[in-house]
Protein chains: 2
Amino acid sequence: MTKLRTAPRIRTKKPVPVDKADLPLRQILDGDCIAAMRSLPDASIDLVFADPPYNLQLGGDLNRPDGSHVDAVTDEWDRFDSFGSYDAFTRAWLAECQRVLKPDGALWVIGSYHNIYRVGAILQDLGFWILNDIVWRKTNPMPNFRGTRFTNAHETLIWASQGEKSRYHFNYRAMKTLNDEIQMRSDWTFPICSGGERLKDDAGHKAHPTQKPEALLYRVLLATTEKGDIVLDPFFGTGTTGAIAKRLGREWIGCEREADYRKVATARIEKELPLDESALTTMQSRKTQPRVAFGAVVEAGLLKPGMEIFDKKRRWKATVRADGSVECGALSGSIHQVGKTLQDAPSCNGWTFWHYESGGEVKPIDAARGLYLLASED
Amino acid sequence: MTKLRTAPRIRTKKPVPVDKADLPLRQILDGDCIAAMRSLPDASIDLVFADPPYNLQLGGDLNRPDGSHVDAVTDEWDRFDSFGSYDAFTRAWLAECQRVLKPDGALWVIGSYHNIYRVGAILQDLGFWILNDIVWRKTNPMPNFRGTRFTNAHETLIWASQGEKSRYHFNYRAMKTLNDEIQMRSDWTFPICSGGERLKDDAGHKAHPTQKPEALLYRVLLATTEKGDIVLDPFFGTGTTGAIAKRLGREWIGCEREADYRKVATARIEKELPLDESALTTMQSRKTQPRVAFGAVVEAGLLKPGMEIFDKKRRWKATVRADGSVECGALSGSIHQVGKTLQDAPSCNGWTFWHYESGGEVKPIDAARGLYLLASED
DNA sequence: GTTAAAACTGAATCAACAC
DNA sequence: TGTGTTGATTCAGTTTTAA
């Protein structure tokens, strides 16, 4: 492995700010991502999220014990001649990301053991500085049908800044709020993308073999971007990054060489609705720190940011925000704090105080917590 | 318990078996691990467990919010001045492991995001074949005191064989038993090593900065070695690998250049008691049990020639013939072949597919195989 | 229409032996 | 070294079909 440290860690002069009007915002660039990124100016992107080919190197067919056939990832885009050619490809697209990222921008890459060690070593060689590696634990991974290894139940994400001295962005407080006032850890638990969220083509087949769950992108973007930031996804696929960026009020640019994927992604993002301004305001200061497990319920989509919650007698109503805090007029904070202040009570259990409407019924938000617990039991 | 495996495909000639008496079993070799491993013969080791320096590159001291000092890893042995020198070191010790490992041997390495990407890429470059990466989730990680990143709550282990075609050893059944009859996943949850397990020096300070929990080694050795196997740990430290190897009835060899660590490890392993023979017996998979021909079960009279067998739903029926073949209309052949053809399936396990009636009960013919095995035990 | 059972599915480097 | 035979092996879901 050769050392190719290029980018300087410390900038000597302030960069010329890029005019957003000069960027292809909310567009999917056609073609190879390396060529497509060349059309972007230097230092114009706040965050890159990349889900590159994993170079799986699969052998023959695989059947389940019941005899059914496993639909493997055998697409042409995942075939490489050797580690050498995979490395060259990886170095090329990562170097281009490095160029288009702002000095204080950051990069996320997701992969599996097949490719992530190559990606991690190369991005270190290029001068990226790893901030964390994150483990996505799958609640429902595919088993190892032959009983030959441990169930491959996770994928790995690397979060890296432009360099050791880079002033990357991290919404520490929003993450802590989302995680019931405990620091967000480096292991995240989500189900794989399936059910209604999984996009299908006209024939009912999955539109893309490796579509990522929205909850994963939701947490990534909420943690490491601000409203209005520009997010680039060089391997756009069906556009999960674009959809969540739009939902969270971030700008996005995609690169995708397959016309079918571009078509699906365009339609998907078109349908996506941005959240309300108030729902997007995340907790910024320690003074207003909420005390909630509520954030995880919001993240899981059981309660939507922007939706209205109210007490049983509808004396007060509040709005749910993206990080699990709630807002009621000038008041904001956790479900418990806001309920307590409104009632001028010594304490308040927000779970039973607040209600929401679902299918014509009024339920305490505790019902949504129940659903969440059911869905996320270990 | 003898191993039933034969010579691997990658081997062109049968290697001369190494006499265990020629190996420094139950010894800690003094000095640099690369030099120490050079004294070991080729193809003599069943498993390597390596916990190499992490190349942490910590800048300056770290204090907790209350001002107390964090005793970080700042030892001289963990200092490398560049990725290049760390890579060269890594390549050297991994290559030596490759040489001393048997063709069907395997390697474990543990690391964090600081070093694991370099280790993973280099071991792939050397020809090791990654079988799984395993995430050790810490129940009690050190928090991120500055609130600048996600809590670094895990470490990563890579499990790799000598090559793609290598017949590595995996105690699938034992792992499934250990995990309440569900396949063991690639994410393992353990507390960090603390309390009584954490070794202290005479002054009461921790004897080693990165002592690993015994539960981690217990699972590694139980999963990928057999009783009597030889385990090498090139970075022995306080000897967790040796202690657990002794406990589980495995042989061990360590390398350690710090005299203080050797001393602590020696005393520790001395105190360790091996488990009883009976406690060491693990669940065996079908694969490792002797193979039984259907004809032998017929021959033994457990199933009679001429009797009828059928699938569970009685969609098909067949007749048992004296030579252990079965007949279904114009079709005839082995229990597996006929079942496969009838179902038009990619394969069929005749033992579980076919059933018979005995004493008013319907049982799979596998039950008759079980009786045969019982009857033929000494 | 309601409920239970069966079928289907997911980034997977997924067998070993005899001839 | 290749080819054919034996036979070992699955978890958490969602969707479809049957009762």
Side-chain angles (χ1 to χ4, degrees), chain A residues 51-75 77-78 83 110-116 136 138-156 191-198 200 204-206 208-213 237 374-378, chain B residues 4-9 12 124 129-133 160-161 163-165 167-168 170 172-173 176 179 181-186 285-289 291-295 313 324 333-337 339-340 345-353 366 369:
Chain A
D51 181 11
Y54 288 7
N55 188 25
L56 285 186
Q57 302 177 263
L58 300 178
D61 279 1
L62 179 63
N63 294 301
R64 298 185 181 79
D66 66 5
S68 63
H69 184 252
V70 175
D71 182 18
V73 178
T74 51
D75 305 66
W77 50 255
D78 197 43
F83 280 136
I110 182 167
S112 66
Y113 67 83
H114 310 84
N115 71 322
I116 200 67
W136 167 29
K138 302 179 184 184
T139 57
N140 50 352
M142 190 188 293
N144 182 294
F145 296 117
R146 290 283 197 159
T148 55
R149 303 180 180 187
F150 298 98
T151 305
N152 190 9
H154 73 276
E155 295 188 23
T156 302
I192 59 175
C193 181
S194 69
E197 189 184 319
R198 189 82 194 217
K200 305 287 188 338
H205 302 121
K206 56 189 174 192
H208 192 282
T210 71
Q211 188 184 337
K212 294 296 176 288
L374 269 176
S376 63
E377 261 176 12
D378 279 357
Chain B
L4 300 172
R5 286 198 253 101
T6 59
R9 291 171 193 161
T12 50
Q124 284 181 315
W129 190 251
I130 298 182
L131 299 166
N132 278 115
D133 56 356
S161 70
E164 185 175 357
K165 303 291 181 195
R167 301 194 190 185
Y168 59 90
F170 180 52
Y172 173 77
R173 195 63 242 169
K176 193 170 173 178
N179 197 39
E181 286 305 308
I182 291 169
Q183 285 190 343
M184 188 70 81
R185 296 166 43 111
S186 56
S285 78
R286 260 279 156 66
K287 289 187 250 205
T288 60
Q289 289 177 5
R291 179 174 290 201
V292 177
F294 183 65
K313 295 183 185 170
S334 75
I335 50 172
H336 315 295
Q337 287 172 326
K340 174 183 159 176
S347 69
C348 171
N349 182 344
W351 292 107
T352 50
F353 176 71
D366 202 32
R369 176 166 60 167

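Treat the numbers as computed from the prediction; the structure is a model and nothing was measured.
Here B/T352 lies out of heavy-atom contact (under 4.0 Å) with every strand. Here A/C193 lies out of heavy-atom contact (under 4.0 Å) with every strand. Using a 4.0 Å heavy-atom criterion, one finds that B/K176 contacts the sugar-phosphate atoms exclusively. Among the atoms of the strands shown, base atoms are found under 4.0 Å from some heavy atom of A/W77. Residue contacts for B/S347: at a heavy-atom cut-off of 4.0 Å it reaches a base atom on one of the strands shown. Using a 4.0 Å heavy-atom cutoff across all strands shown, B/D366 reaches no nucleic acid atom at all. Residue-level contact check: A/N63 touches neither bases nor backbone, having no heavy atom under 4.0 Å from any strand. No engagement by A/P213 is indicated, since no non-hydrogen atom pair under 4.0 Å with the nucleic acid exists. Within the 4.0 angstrom heavy-atom criterion, base atoms lie near A/G60. No contact: B/I335 has no heavy atom under 4.0 Å from any strand. Residue contacts for A/T210: at a heavy-atom cut-off of 4.0 Å it reaches a base atom on one of the strands shown. In this structure, B/E164 reaches neither bases nor backbone, as no heavy-atom distance under 4.0 Å exists between it and the strands shown. Counting any heavy atom pair closer than 4.0 Å across all strands shown, A/R64 reaches a base atom.
Between C/dG10 and A/K206, a contact under 4.0 Å exists linking OP1 or OP2 to a side-chain N or O. OP1 or OP2 of D/dG7 sits under 4.0 Å from a side-chain N or O of B/H336. An OP1 or OP2 oxygen of C/dG10 is reached within less than 4.0 angstrom by no side-chain nitrogen or oxygen of A/S194.
The distance between atom CG of A/D78 and atom P of C/dG10, rounded to the nearest whole Å, is 16 Å. Remark: P of C/dC17 and CZ of B/R286 are 17 Å apart, rounded to the nearest angstrom. One interatomic measurement links the two molecules: CD of A/E197 to P of C/dT9, which rounds to 19 Å at whole-angstrom precision. Here the P atom of nucleotide D/dC11 and the CG atom of A/N140 are 13 Å apart, to the nearest Å. In this structure, the NE2 atom of A/H114 is 8 Å from the P atom of C/dA12, given to the nearest Å. Atom P of nucleotide C/dG10 and atom OH of A/Y54 are separated by 15 Å, given to the nearest angstrom. Straight-line distance from the CD atom of B/E181 to the P atom of D/dT9: 11 Å, rounded to whole Å.
Listed candidates were D/dT14, D/dC11, D/dA8. Nearest to the side chain of B/R369 is D/dA8. Side-chain proximity of B/Y172 to D/dT10, C/dC14, C/dG10: nearest is D/dT10. Closest contact between the side chain of B/N349 and the listed nucleotides D/dG7, D/dT6, D/dT14 involves D/dG7. Here the nucleotide nearest the side chain of A/D66, chosen from D/dT10, C/dC17, D/dT9, is D/dT10. In this structure, of C/dA12, D/dG7, D/dT10, it is C/dA12 that holds the atom nearest to the side chain of A/N152.
In this structure, B/R369 and B/Q289 have side chains that are not in contact, with every pair of non-hydrogen atoms separated by 4.5 Å or more.
Between the side chains of B/S334 and B/H336, no donor-acceptor pair is found at a separation under 3.5 Å.
Nucleotide D/dT10 forms a pair with no other nucleotide shown, judged by Watson-Crick or G-U wobble geometry with both contacts under 3.5 Å. Under the Watson-Crick and G-U wobble criteria, each requiring two contacts below 3.5 Å, nucleotide C/dA12 is left unpaired.
Comparing C/dG10 with C/dC14, their C1' atoms sit 15 Å apart, to the nearest whole Å.
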